[in-house]
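Reviewing the structure listed below.
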Amino acid sequence: MNAQNYRLLLSKFSHEIRNPVALISSFLQLLRREYPEIASSLYYRNIQENMGLLRQLLDDMSHFNNADRLHREPTDLCRLLREAASSAAAVLSERNISLRLDLPEALPVLSLDRNKIRQVFYNLFRNAEEAMPEGGVISISAWAEEQQIFIRVTDSGPSIPREFLPTLFEPLVTHKKEGTGLGLAVCREILKAHQGSISAASDGTPAFTIALLVN
């Protein structure tokens, strides 16, 4: 199935489940307001946790469906990377994960959709976070080479099994217990829309490498 067919399928699916999810969330809020003691119930907390997973799935569907709708503007990629890392650092530190940047003083200015490219990095950070439940380090490096800019995101988690690589960026394919199967697919679609690419390495340190053309 090609990306366009996936978008049509996911658009229909998300439309059907978004309203029930919103209603259930509202009912849960009303229950807690009327019965405050329910917040201490394990069952209530489990319901809220699973509602969070449903909302994440809906968000990922929306990001996938809109991945090729770009609003480009001149972008300082080093600055964008620092801002994305700074935004994610607080949440990641609560999970005992630190971020390390190895960036040049400057890179060529690119015409990018800043919000979409930020989403790529947030998805990669989330992917690394899920791979390191006990904590660890996420490292981001960038460099220019000929007419391309490369960004590499690595983490200190376990290496990616080789058998996962062929389907790693396919929509709705996940190798995680609570994965949506869309995070890495969203990254690929956003970068394809920018005439860029993303690849993964399975040897040693898990690594995702992004390539973007210099405009």
Side-chain angles (χ1 to χ4, degrees), residues 1-3 6 56 60 63-64 67-68 75 77-78 80-89 91-93 95-104 107-108 110 112-113 116-214:
M1 189 182 296
N2 62 34
Y6 272 120
Q56 182 64 64
D60 284 348
H63 294 147
F64 185 83
D68 60 347
T75 301
L77 193 54
C78 284
L80 187 149
L81 285 166
R82 291 189 182 98
E83 290 174 349
S86 177
S87 296
V91 172
L92 291 173
S93 66
R95 291 158 176 75
N96 198 31
I97 295 173
S98 59
L99 279 166
R100 295 178 183 171
L101 296 177
D102 180 17
L103 305 178
L107 288 167
L110 301 182
L112 305 173
D113 184 315
K116 294 275 179 30
I117 294 297
R118 281 194 189 94
Q119 186 63 47
V120 169
F121 293 113
Y122 292 149
N123 284 2
L124 291 177
F125 296 162
R126 190 176 84 196
N127 184 76
E129 175 192 341
E130 292 170 351
M132 300 185 295
E134 304 302 320
V137 178
I138 299 173
S139 300
I140 307 120
S141 59
W143 68 95
E145 189 174 308
E146 296 181 349
Q147 293 301 306
Q148 287 184 296
I149 290 176
F150 295 91
I151 306 104
R152 182 165 293 156
V153 179
T154 64
D155 64 67
S156 56
S159 60
I160 303 167
R162 284 183 176 274
E163 61 269 25
F164 291 176
L165 292 179
T167 57
L168 201 60
F169 298 99
E170 289 299 312
L172 304 178
V173 176
T174 181
H175 303 287
K176 298 177 181 177
K177 183 179 178 181
E178 296 181 347
T180 66
L182 285 169
L184 292 177
V186 168
C187 293
R188 183 180 67 175
E189 292 304 304
I190 289 174
L191 291 164
K192 279 173 62 178
H194 283 86
Q195 291 78 52
S197 64
I198 182 169
S199 59
S202 65
D203 296 329
T205 302
F208 291 89
T209 303
I210 293 165
L212 290 165
L213 291 173
V214 175

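- Two residues are said to be in side-chain contact when any heavy atoms from C-beta on lie closer than 4.5 Å; Glu83 and Arg118 meet this criterion.
- Minimum interatomic distance between Ala142 and Pro104 (heavy atoms only, all atoms of both residues): O-CD, 3.2 Å.
- The nearest pair of heavy atoms linking Phe169 to Ser199 is CZ-C, 4.2 Å.
- Closest of all the heavy-atom pairs between Tyr122 and Ala84 is CE2-O, 3.6 Å.
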Inset, instruction - Apply salt bridge (Lys or Arg N to Asp or Glu O under 4.0 Å) to Lys192 and Glu189, showing your working. - result: CA-CA 5 Å; Lys192 279 173 62 178; Glu189 292 304 304; 3.7 Å; yes
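- When all heavy atoms of Ile160 and Ala201 are compared, the closest pair comes out as CD1-O, 3.7 Å.
- Ring planes of Phe150 and Trp143: parallel class, angle under 30° (limits at 30 and 60°).
- In this structure, Ile210 and Phe121 have side chains that are in contact, with non-hydrogen atoms separated by less than 4.5 Å.
- In terms of modelled atom types and a separation under 3.5 Å, the side chain of Gln195 and the main chain of Ala193 share a donor-acceptor contact.
- The side-chain heavy atoms of Phe208 and Leu168, taken from C-beta on, include a pair separated by under 4.5 Å.
- When all heavy atoms of Leu212 and Gly196 are compared, the pair lying nearest together is CD2-CA, 4.2 Å.
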Inset, instruction - Could you walk me through whether Ser197 and Leu191 pass side-chain contact (heavy atoms from CB on, under 4.5 Å), step by step? - result: CA-CA 5 Å; Ser197 64; Leu191 291 164; 5.9 Å; no
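- Using a 4.5 Å heavy-atom cutoff, the side chains of Val153 and Asn127 are not in contact.
- A distance of 8.5 Å separates CD1 in Ile97 from CG in Leu99, rounded to the nearest 0.5 Å.
- In this structure, the side chain of Ser156 does not engage the main chain of Gly136 through any donor-acceptor pair within 3.5 Å.
- Interatomic distance, CG of Leu184 versus OG1 of Thr167, reported as 10.5 Å (0.5 Å rounding).
- Across Arg188 and Ile198, no two heavy atoms sit closer than the pair CA-CG2, 3.9 Å.
- Summarising the geometry, atom CG belonging to Asp113 is positioned 5.0 Å from atom NE2 belonging to His194; distances are rounded to the nearest 0.5 Å.
- The CD atom of Gln119 lies 9.5 Å from the NZ atom of Lys116; values are rounded to the nearest 0.5 Å.
- The shortest distance between side-chain heavy atoms of Leu124 and Cys187 falls below 4.5 Å.
- In this structure, the separation between CG on Leu112 and CD1 on Ile149 is 8.0 Å, given to the nearest 0.5 Å.
- Here CD1 of Ile117 is found 7.0 Å from CD1 of Ile190. Values are rounded to the nearest 0.5 Å.
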